[in-house]
Amino acid sequence: MSSLDDLGKTEAALAAARRENLRRLRERSGDPFAQTRYAVDATAAELLARYGFLESGQDAAAEGWNVAGRLLGKRVMGKSIFADLQDGTGRLQLYVRKDEVGEHAFADWQDLDRGDLIGARGYMFRSKMGELTLHVKEMTVLAKSLMPLPDKWHGLQDVEKRYRQRYVDLIVNPGVRETFLQRSRIVAEMRRFIDAQGFFEVETPTLLHVAGGAAARPFLTHVNALDHEMQLRIATELNLKRLIVGGIERVYEIGRIFRNEGIDTTHNPEFTMLELYAAYWDLRDMMDFNERLLARLVDVVTGGAREVRIGERTISFAPPFARIAYFDALQQYGGDAYSRERLLDAGGAAAVLAELGLPPSPSHGHALDKIFERIVQPNLVQPTFVTDYPAIISPLAKRKRDDRALVDRYELFCDTIEISNAFTELNDPDDQRARFEAQAAQRAAGDEEIPEPDWDFVRALEYGMPPTAGIGIGVDRLVMLLTNSASIRDVILFPMQRQHGSSENSRDAPLSP
RNA sequence: GCGCCUUUAGCUCAGUCGGUAGAGCAGCGGACUUUUAAUCCGUUGGUCCCGGGUUCGAUCCCCGGAGGGCGCACCA
């Protein structure tokens, strides 16, 4: 299988030149790909921090260091070379002199291409131009890069290629790497914060006979051993509440959710959700928890500040966040035409929808969602808890004791997008059964997004579930917010793409000679 | 699903009122022992996304298709 034939002529020539350099390196100094270990004892970031005191022209020749990474630039000036090495922590300039390393080693340097992985030993100095630099005495080629890298100045701009070949994106676009490191820090801190309050992290199945807990079309799959059709989960809710019934009183899962629906800047078919349930908490407890969690995450992302800049806006996460009741918000931003009385009437809501020039909705609840989206949501820039949702759009939440039209639920909005959704959980098994029966009827009427009822969940509630507050937070969207990313694909390492020709899993993808 | 935009060298991008195409970077050859988008001289490199149509001639115009982006719709 020769894939050089499948490359463009220019690309093939570039790859051939690199293979020629590899051949020479093998002959002169042994096979780079035979290397197994390199005794790294310093990173780029450590050396830059440690030797910050050096003045231009000064060196620290008594202390030798081994660094390893990818060569990203090479400036050859006859008998000396400056190069840039990128490791996991940053970039470090290297300097080599022919009269010090000798003909043989200098020839190896000349056979290095941009993108090669090397280990280098040397000492730190500050160059005439003021840059901290490793003065290299020894160099080992640890792996050869056989493919040409994108433009050193513009990087890789083609979005499609960036997603399909994220490895290249990560090599040449520094901001990308930083975003994903931030994501990792955010999730790690999320776990630390939650664990510190006595929660247990669990992993529930992603393959289910009935995917419930949300309204969404599931992915279908087949289990050969059981000869069963199964579904990928669309939420972790029902299993986590089973665990609350079982006595794991504080429980959470940060897990992958799959929904077989649209793909756009805020939706990827698989995404990550935090769901957390606390027995004996009410919504006030959850709000307090939510506020402190976000403040903490912002703290980690910004290194101590309580603000995040999103384009032109600055969002402050200093608690307490603003609070406003659902219908108060509608009246405040919409005026008297958006009164509770009118909106809680199906005809009234439909009329409001028409006044806004929006298409008719299939249901009263849907109409309320659209009106809220249009009238209130664009105004919720600073973190705001919207509370006291109408029961008709909250089928899984408990009704308020003193107002049966409303439920104990809030959603948190930041930068006009929904960040969390929380409510006190319905724990009356008869009520739950009745709601499932209603859903089954909707499903029978043709709504494919309504899941089949999970009757075992009702049985679990019949054993008794304590009063419980639950919350869901879309991790990807939260990371978008905290990293100022415009698309969910910018915070998912390998976002779903259509299968496509030569760049992925087709025969010609691996480049063998 | 609908609409708009987009696809030209390995990368970033020009361009052709229809006569099969250019730059910078990268690569290759040369000069250069403190450069940093190194510099200077020379130079290679193209299925202009794919298929069809119109035309003497299509990368360009028309039709169809594919990939991608954005907006709308959908999305507890």
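From a predicted model like this one, the values you see are computed outputs, not experimental measurements. By convention in this document, chain letters (A, B, ...) are assigned in the order of the sequence lines, proteins followed by strands, and residues within each chain are numbered from 1. Note that these values count all heavy atoms, side chains included, but never hydrogens, waters or copies made by symmetry.
When the P atom is compared between B:C25 and B:C40, the two are found 8 Å apart, to the nearest whole Å. Rounded to whole Å, the separation between the C1' atoms of B:A26 and B:G10 comes to 7 Å. Nucleotides B:U20 and B:U59 are separated by 11 Å at their P atoms, to the nearest Å. If you take atom P in B:U12 and the same atom in B:C17, they sit 26 Å apart, rounded to whole Å. A gap of 15 Å separates the P atoms of B:C63 and B:U6, to the nearest Å. Across the C1' atoms, B:A14 and B:C41 are found 25 Å apart, a figure rounded to whole Å. For the C1' atoms, the distance from B:G67 to B:A21 is 24 Å, rounded to whole Å.
Among the nucleotides B:A76, B:U34, B:G68, the one closest to any side-chain atom of A:L396 is B:A76. Listed nucleotides: B:C75, B:G67, B:A76. Nearest to the side chain of A:Q439: B:A76. Looking at the side chain of A:M77, the nearest of the listed nucleotides B:C75, B:A38, B:G69 is B:A38.
Note on A:R498: a side-chain N or O is less than 4.0 Å away from OP1 or OP2 of B:G68. Residue A:R75 places no side-chain N or O under 4.0 Å from the OP1 or OP2 atom of B:U35.
Salt bridge absent: A:K74 and A:D113 never bring a charged side-chain N and a carboxylate O closer than 4.0 Å. Between A:D84 and A:R75 there is a salt bridge, since a side-chain N of the basic residue sits under 4.0 Å from a carboxylate O of the acidic one. A salt bridge links A:D454 and A:R242; the closest N-O separation between the charged side-chain nitrogens and carboxylate oxygens is under 4.0 Å. For the pair A:R24 and A:E27, the salt-bridge criterion is not met [side-chain N within less than 4.0 Å of a carboxylate O].
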What does the list of N/O pairs under 3.5 Å between the protein and nucleotides 9-12 of chain B look like, with a distance for each?
| residue | atom | partner | partner atom | Å |
| --- | --- | --- | --- | --- |
| B:G10 | OP1 | A:T10 | N | 3.4 |
| B:G10 | OP1 | A:T10 | OG1 | 3.3 |
| B:G10 | OP1 | A:E11 | N | 3.2 |
| B:C11 | OP1 | A:K161 | NZ | 2.4 |
| B:C11 | O2' | A:D151 | N | 2.9 |
| B:C11 | O2' | A:G155 | O | 3.0 |
| B:C11 | O2 | A:D151 | OD2 | 3.2 |
| B:U12 | OP1 | A:Q157 | N | 2.9 |
| B:U12 | OP1 | A:D158 | N | 2.9 |

message: Is there a salt bridge (charged side-chain N to carboxylate O under 4.0 Å, His left out) between A:K79 and A:D99? Walk through the geometry before answering.
response: CA-CA 8 Å; A:K79 299 187 179 65; A:D99 59 3; over 6 Å; no
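Taking the six-membered ring for Trp and thresholds of 30 and 60 degrees, A:Y410 and A:F385 have ring planes more than 60 degrees apart, a perpendicular arrangement. Ring geometry, A:W455 versus A:F436: the interplanar angle exceeds 60°, so the pair is classed perpendicular (tilted spans 30 to 60°).
Rounded to whole angstrom, the span from the CG atom of A:D111 across to the P atom of B:G27 amounts to 13 Å.
Side-chain N/O atoms of A:D99 and base N/O atoms of B:U33 include a donor-acceptor pair closer than 3.5 Å. For B:U35, its base sits under 3.5 Å from the side chain of A:S127 at one donor and acceptor pair at least. Not a single donor-acceptor pair, N or O on each side, falls under 3.5 Å between the base of B:U7 and the side chain of A:E160.
Nucleotide B:U33: unpaired (no Watson-Crick or G-U wobble partner with both distances less than 3.5 Å).
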